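Structure record follows, encoded as structure tokens.
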Amino acid sequence: MPCLPVTDPVSVPDPDPRPLPPEEPGPNECCGSGCPLCVLDLYSDELQRYRTALAEWKARHPQEAS
């Protein structure tokens, strides 16, 4: 009788992982000079994308929506 490979559930990557929030800029990362691409503006854009992705993920995983 041939042996079947044992699948370790810990090592199998999640095909639909929960989105991770973006890293918030540190207190000294914004220079306050009104740069056209301020780190705070970029963070705000990333945060909005994260919130959208999280809402979509929660809709796909209602059991983990907390």
Side-chain angles (χ1 to χ4, degrees):
M1 176 183 253
C3 292
L4 297 175
V6 176
T7 304
D8 181 4
V10 175
S11 66
V12 176
D14 185 348
D16 188 18
R18 183 183 183 114
L20 297 174
E23 187 175 332
E24 188 173 357
N28 298 325
E29 288 190 55
C30 175
C31 65
S33 67
C35 300
L37 290 176
C38 178
V39 294
L40 299 178
D41 295 333
L42 295 173
Y43 173 70
S44 177
D45 292 345
E46 289 178 21
L47 192 58
Q48 184 57 45
R49 282 191 294 276
Y50 161 72
R51 288 177 178 156
T52 300
L54 182 60
E56 291 169 353
W57 183 87
K58 285 182 176 183
R60 292 189 306 272
H61 301 271
Q63 71 282 5
E64 299 182 45
S66 58

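What you are looking at is a predicted structure, and each value in this text was computed from that prediction instead of being measured.
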Shortest non-hydrogen separation from Ala59 to Pro62 and the atoms involved: O-CD, 3.7 Å
Non-hydrogen atoms of Arg18 and Glu64 that approach each other most closely: NH1-O, 3.5 Å
When you measure from the side chain of Glu29 to the backbone N and O of Gly26, does any donor-acceptor pair fall under 3.5 Å? yes
If I take atom CG from residue Leu47 and atom CG from residue Leu42, how far apart are they, to the nearest 0.5 angstrom? 12.5 Å
Rounding to 0.5 Å, atoms CG (Leu40) and CD (Glu24) come to a distance of 9.0 Å
Closest non-hydrogen atom pair between Tyr50 and Pro21, with its separation: CE1-N, 3.3 Å
Return the CG to NE2 distance between Asp14 and His61, rounded to the nearest 0.5 Å. 6.5 Å
Hey, is the main chain of Thr52 close enough, under 3.5 Å, to the side chain of Trp57 for a donor-acceptor pair? no
